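Keep in mind that this is a model prediction, so the values were computed, not measured.
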Amino acid sequence: MKALFFKHLLKEYISQTSVSPTPNPWGLSDMLEFLVEHKLIPERSIRHYTIVLEYKELEKILPHMTKTSRIKMLARQMGVHENTVWNVIKDYQDRFIPECSNPSFTSDQ
């Protein structure tokens with residue numbers, strides 16, 4: 001999950017700044033590794049951020065798939081329970097991606 005977290009975090013950082021998308025912009029990968037190793041970024045935040053961004057990526061590449069199917073796929077991929085994914089998407093989606101805020105997101109869709 002850490003590798004996916006790094007991928008999404010660096011992608012978001014590069015998209016919001018003028019940093020060129022090099023394999024290791026300004027040594028950010030090393031800095032992120034340091035922050036994670038020293039538990040300055042909580043594991044829970046890493047998991048939530050990664051689940052939310054992986055879900056958004058699945059929405060883009062598999063738009064025909066139902067939310068439930070995407071949630072099940074993501075739960076298997078991340079090695080977590082489906083309810084965990086539902087709750088993270090519902091509770092944290094607008095925290096990590098404000099433009100994706102969706103107050104109508106419910107687990108019965």
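For the atom pair CD1 of Ile41 and CG of Leu35, the computed distance is 4.5 Å after rounding to the nearest 0.5 Å. One finds the CD atom of Glu82 at 10.5 Å from the CG atom of Leu74 (value rounded to the nearest 0.5 Å). From Thr66, atom OG1 reaches atom NZ of Lys72 across 8.0 Å, with rounding to the nearest 0.5 Å. Atom OG of Ser69 and atom CG of Leu58 lie 11.0 Å apart (nearest 0.5 Å). How far CD1 of Ile71 is from CE of Met65: 11.5 Å, rounded to the nearest 0.5 Å.
Side-chain contact between Lys67 and Ile89: absent, with no pair of heavy atoms (C-beta onward) separated by less than 4.5 Å. Taking 4.5 Å as the limit, every side-chain heavy atom of Val88 sits out of range of all side-chain heavy atoms of Arg47. Within the 4.5 Å cutoff, the side chain of His48 has no heavy atoms near those of the Asp91 side chain. Two residues are said to be in side-chain contact when any heavy atoms from C-beta on lie closer than 4.5 Å; Ile51 and Tyr92 fail this criterion.
With hydrogens and angles disregarded, no donor-acceptor distance shorter than 3.5 Å links the side chain of Arg70 to the backbone of Tyr55.
Tested against Tyr49 for a side-chain contact (heavy atoms from CB on, under 4.5 Å), the candidates Ile46, Leu53, Val52 yield a single pass: Leu53.
For the side chain to side chain contact (heavy atoms under 4.5 Å, CB included) test, residues two or more places apart in sequence or in another chain that qualify with Glu57 are Lys7, His8, Lys11, Glu54.
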